[in-house]
S.K.: 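My questions all concern the structure below.
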Amino acid sequence: MLEAKLAMSEAMVRVRFAPSPTGYPHLGNIRTALFNWVFARHNNGFFILRIEDTDVARLVEGATDVILESLRWLGLDWDEGPYFQSQRLELYREAADRLLKQELAYKCYCSTERLESMRQEQMKRKQPPGYDRRCRNLTREQRAEMEASGITPVVRFKSPLEGQTSFNDLLRGQIIFENSTLDDFVLLKSDGYPTYHLANIVDDHLMEISHVLRADEWLSSAPRHVLLYQALGWQPPQFAHLPMILGADRSKLSKRHGATAITEYQEQGYLPEAMFNFLVLLGWALDDKTELLTREEIIKHFSLERISRAAAVFNKDKLEWMNGVYLRGLSSEEFAQRAIPFLEKDLQTAINRPLDIGYVRQLMPLAQERARTLAEVPQLSEFFFVEELEYDVGLLLSKTDKAEAIRSLQASVARMDSLKDWNAAPLEAVFRPLAEELKLKTGVFFGLLRVAVTGRTAAPPLFQTMEVLGKERCLKRLRAALDKLVV
RNA sequence: GCCCCCAUCGUCUAGGGGACUAGGACGUCAGCCUUUCAAGCUGAAGACAGGGAUUCGAAUUCCCUUGGGGGCACCA
């Protein structure tokens, strides 16, 4: 019984996403969250959210909210948390005290100025920068002296001076570091807050995290973490360092790369389901051909073994394509629902709000076929809403001369006037023969009508557009076009 | 400078010794469809970084070089 329980808890997957609220999460951060979440769901495990707010100086107001919002947007629900490290300071202090007591850590009184100039000097001499361990072996007297001078010390870890530290990375195999390349890093800052290294280890242990799936950039500090686990006598979790997502210039994603915050993609009209699908494909693939997968399929098939080791460059074109596919896959009702906020927000202010929902529903399918993002919908459909079309007369005359355009439009007005059944099919049944009568190619004639009716040369199919616009609007617009030509 | 990771079309990737004249997707180009646009369909161009080694056989294994990335804070 006990054994069964042990085996079970051993197999229990508990992963965490542990962002720091020093900025808004970008694609890379969220991809890490997503891999953790999918891994948890695949294994019927737990996905834990932990906010690593131990840097008081760099804390960004509202960042935590944006983190939560980003996760919610993508449907990455968490089973525990959010925990806040700022509320757990006592735990880190206890761990640091223990290490101090066991002489596995020591207090360091060096000033930041000294450390800075030391680093400068090391760089100048092309030496690897790192703490020179001046305080590592202070005598009792020296320490008393420092304490007396009122300096608030930091606590540093006593890294082993020789030997190796290694661990098995689930993606990369055995990773070995020479201890001599590690310096005595800080565990506890002088403000009483822990550094990432300490807090991370304490929490991962206390929260019984089974797998740490984090970005590649952490690989270099992994030996410090392993050493810390050893010093504290704890079993380290399994590590997997995920490939990073790079910007188009192949460097680490940062503010420089434009739309970094994931919430901006929401504003730009991307669907969370498309983003989810796209993101999982950045570093993971099911097979040699599947690109489109539902969330359920992803959960079902996800595995660490199929994660690639190489960093990936974010390819926005592909995201856009995929978003378009998801957009077209929506029911027209669903599409309308999602597009309406964008219409309300971006349609020109001269257009009355609230919009006529019935009318919106009618025209949405025409935009749905063409949009790659929801943000494009207002632009694609604006001509449906404006009272007066604004366009250059020249557009009417791009394929015909003036006399012919006038003659054609007049004939069209006459036919329209007498048309009872205002639908795409009957409209086409009227205008196709009319083109023949006018001795115009359909391309030319329909092109003329298109400009008159939409003010553009590129628009949804003419007769469907006319159907949605309605007889009154169409007549009005043809007459407006005639006015433009006659004047 | 030191340490670590990585390396297949422009980009995302499949490939885990013979099934590879290296597959798919985005993008690009061409054609078809067509009242324009979009979508769709068909096709084309496009990659195993280089050099050694192992092997009957290497995109696949090993080594070196080169290239790219990351780290080296009282930041995470």
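Predicted model only: the values in this text are computed from it and were never measured. Chain letters run A, B, ... following the sequence lines, proteins first, then strands; residues in each count from 1.
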S.K.: Tell me whether A:Arg31 forms a cation-pi arrangement with A:Phe35, defined as NZ or CZ under 6.0 Å from the six-membered ring centre and within 45 degrees of its axis.
M.R.: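 A:Arg31 over A:Phe35 ring: yes.
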S.K.: From C-beta outward on A:Asp216, which listed nucleotide comes closest to its side chain: B:C74, B:C5, B:C75?
M.R.: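 The answer is B:C5.
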S.K.: Run the ring pair (Phe, Tyr, Trp, His ring centres under 6.0 Å) test against A:Trp78 and tell me which residues pass, sequence neighbours left out.
M.R.: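 Here no residue qualifies.
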S.K.: For A:Asn179 and A:Thr165, which I'm curious about, is there any donor-acceptor pair between the side chains at under 3.5 Å?
M.R.: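 Short answer, yes.
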S.K.: What nucleotide, of B:C6, B:A73, B:G70, holds the atom closest to the side chain of A:Arg172?
M.R.: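 The answer is B:C6, which lies nearest to the side chain.
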S.K.: On the ring face of A:Phe276, is A:Arg295 found with NZ or CZ under 6.0 Å from the centre and within 45° of the axis?
M.R.: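 Positive - A:Arg295 is close enough to the ring of A:Phe276 and near enough to its axis.
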S.K.: Assign a letter to each nucleotide of nucleotides 9-25 of chain B from its 5' end: B, base within under 4.0 Å of a protein heavy atom; S, sugar-phosphate only; -, no contact.
M.R.: --BBSSS-------BBB
S.K.: With a cut-off of less than 4.0 Å, is there a side-chain N or O of A:Lys189 near OP1 or OP2 of B:A73?
M.R.: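 For B:A73, OP1/OP2 do not have a side-chain N/O of A:Lys189 under 4.0 Å.
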S.K.: Mapping A:Thr152 and A:Ile176 onto RNA chain B by nearest heavy atom, which one lands closer to the 5' end?
M.R.: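 Per heavy-atom nearest nucleotide, the more 5' residue is A:Ile176.
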S.K.: In whole Å, I'd like the distance from the CD1 atom of A:Ile245 to the C1' atom of B:C6.
M.R.: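 Roughly 16 Å, once rounded to whole Å.
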S.K.: A:Trp218 or A:Arg370: which one's nearest nucleotide on RNA chain B is closer to the 5' end?
M.R.: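 The residue closer to the strand's 5' end, by nearest nucleotide, is A:Arg370.
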S.K.: Classify the ring geometry of A:Phe167 against A:Phe177: parallel below 30°, tilted from 30° to 60°, perpendicular beyond 60°.
M.R.: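 Parallel: the ring planes of A:Phe167 and A:Phe177 meet at under 30°.
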S.K.: To the nearest 0.5 angstrom, please state how far the CG atom of A:Leu76 sits from the CG atom of A:Leu49.
M.R.: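 The distance works out to 10.0 Å.
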S.K.: From C-beta outward on A:Phe177, which listed nucleotide comes closest to its side chain: B:A39, B:A76, B:C3?
M.R.: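 Side chain of A:Phe177 sits closest to B:C3.
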